[in-house]
Amino acid sequence: MARQDVVRALVSTDRIEDIVGGLAERFELDADTIDVEDVHPGTYRDEQPDRELRQLVRAGRNRAALGAVIGGLVGVAIALLVPALREWSPISVVLFAFGGAGVTAAIIAARTVQLRRDEGARSDKVHEIGPEEAARLQMVTVRSLRNRPEVSDHFADQGAILLDTTHPQVGSDAPGQRPARPDEGDPGPPAG
């Protein structure tokens with residue numbers, strides 16, 4: 001899972017000032033929260049699996065809200081129609097309304113994610129960066145974020161390549177690296 005306070009992206013060197021300047025201005029970020037460093041040739045891990053999860057959760061929100069309303073109404077109906085619960089109507093109505101809303105929202109959100117996902121577990125998406133391409137790219141790291149989704153979307157809209165925030169480079173030789181597949185050896189340091 002991506003760290004929720006960091007965004008990493010590969011940005012074209014000729015667009016670095018526009019993208020980073022627009023980022024700092026739009027999100028009012030301090031200069032010390034944005035690091036720009038050179039890219040070395042190698043294999044880099046894309047953030048696409050984490051972005052896909054975010055899109056799946058976002059798709060389930062509207063349906064979950066509608067489900068919560070329907071579940072709450074069903075809970076109220078049960079509390080008012082069952083004679084034993086009618087005696088305690090103020091308390092039972094509130095409890096059944098909240099219970100019905102919560103359970104229904106959770107079920108609908110989970111089912112929406114389950115139906116929207118078109119495949120099973122996916123392997124990492126990787127980018128092979130050669131020496132020529134590395135010379136044309138810079139890695140931008142933005143830290144201490146409170147609005148990570150918006151910053152991530154800003155980079156994606158500008159055509160930047162979003163990278164895994166914890167283990168951006170594929171490999172097992174250097175700290176912070178992790179193989180792309182578990183059968184390639186040591187899985188690397190813990191994500192924590």
Over 12 non-hydrogen atoms of neighbours within 6.0 angstrom of CD in Glu133:
yes
So, for Phe96 and Ala79, which heavy atoms are closest and what is the spacing to 0.1 Å?
CB-CB, 4.0 Å
Linking I/L/V/M/F/W/Y whenever their side-chain heavy atoms sit closer than 4.5 Å, directly or via other members, would Val142 and Met139 fall into one cluster?
no
Given the rule that I, L, V, M, F, W and Y join up when any side-chain heavy atoms are under 4.5 Å apart, are Val20 and Val7 in one cluster?
yes
Give a yes or no on this: more than 12 heavy atoms of other residues, nucleotides or ligands lie within 6.0 Å of atom CG of Leu95.
yes
Measure the spacing between CZ of Arg86 and CG of Leu80 and express it to the nearest 0.5 Å.
8.0 Å
Do Phe27 and Val11 share a hydrophobic cluster (ILVMFWY, side-chain heavy atoms under 4.5 Å, transitive)?
yes
Say you draw a straight line from CG of Leu162 to CZ of Phe155; how long is it, rounded to the nearest 0.5 Å?
7.5 Å
If you compare all heavy atoms of Ala68 against all heavy atoms of Ala105, which two are closest, and at what distance to 0.1 Å?
CB-CB, 4.0 Å
Could you tell me which non-hydrogen atom of Asp32 sits nearest to which non-hydrogen atom of Asp30, and how far apart they are?
OD1-CB, 3.0 Å
Kindly say whether Arg136 contributes a backbone atom to a donor-acceptor pair with the side chain of Thr13 at under 3.5 angstrom?
yes
Other residues, nucleotides and ligands only: do more than 12 of their heavy atoms fall within 6.0 Å of CD on Glu37?
yes
Minimum heavy-atom separation for Pro131 and Pro41, please, with both atom names.
CA-CG, 3.8 Å
Do Arg26 side-chain atoms and His154 backbone N/O form a donor-acceptor pair below 3.5 Å?
no
Treating Ser152 as the side-chain partner and Arg148 as the backbone partner, does any N or O pair qualify as donor plus acceptor under 3.5 Å?
no
What is the distance from atom CD1 of Ile161 to atom OH of Tyr44, rounded to the nearest 0.5 Å?
11.0 Å
Test of understanding: clusters of I, L, V, M, F, W, Y form through side-chain heavy atoms closer than 4.5 Å, transitively. Do Ile16 and Leu163 belong to the same one?
no
Can you find a pair of side-chain heavy atoms, one from Leu10 and one from Ile129, that are under 4.5 Å apart?
yes
Compare every heavy atom of Thr104 with every heavy atom of Gly71, then report the nearest pair and how far apart it is.
CA-OG1, 3.4 Å
Drop me the distance from Asp18's CG to Leu23's CG, to the nearest 0.5 angstrom.
12.0 Å
Answer whether the closest heavy-atom distance between the side chains of Ile34 and Leu29 falls below 4.5 Å.
yes
Is it true that Val74 and Val82 fall in one hydrophobic cluster, defined by side-chain heavy atoms closer than 4.5 Å?
yes
Pairwise distance CG(Asp35) to CD(Gln138) - rounded to 0.5 angstrom
12.0 Å
Can you tell me how far CZ of Arg45 sits from CZ of Arg8, rounded to the nearest 0.5 angstrom?
12.0 Å
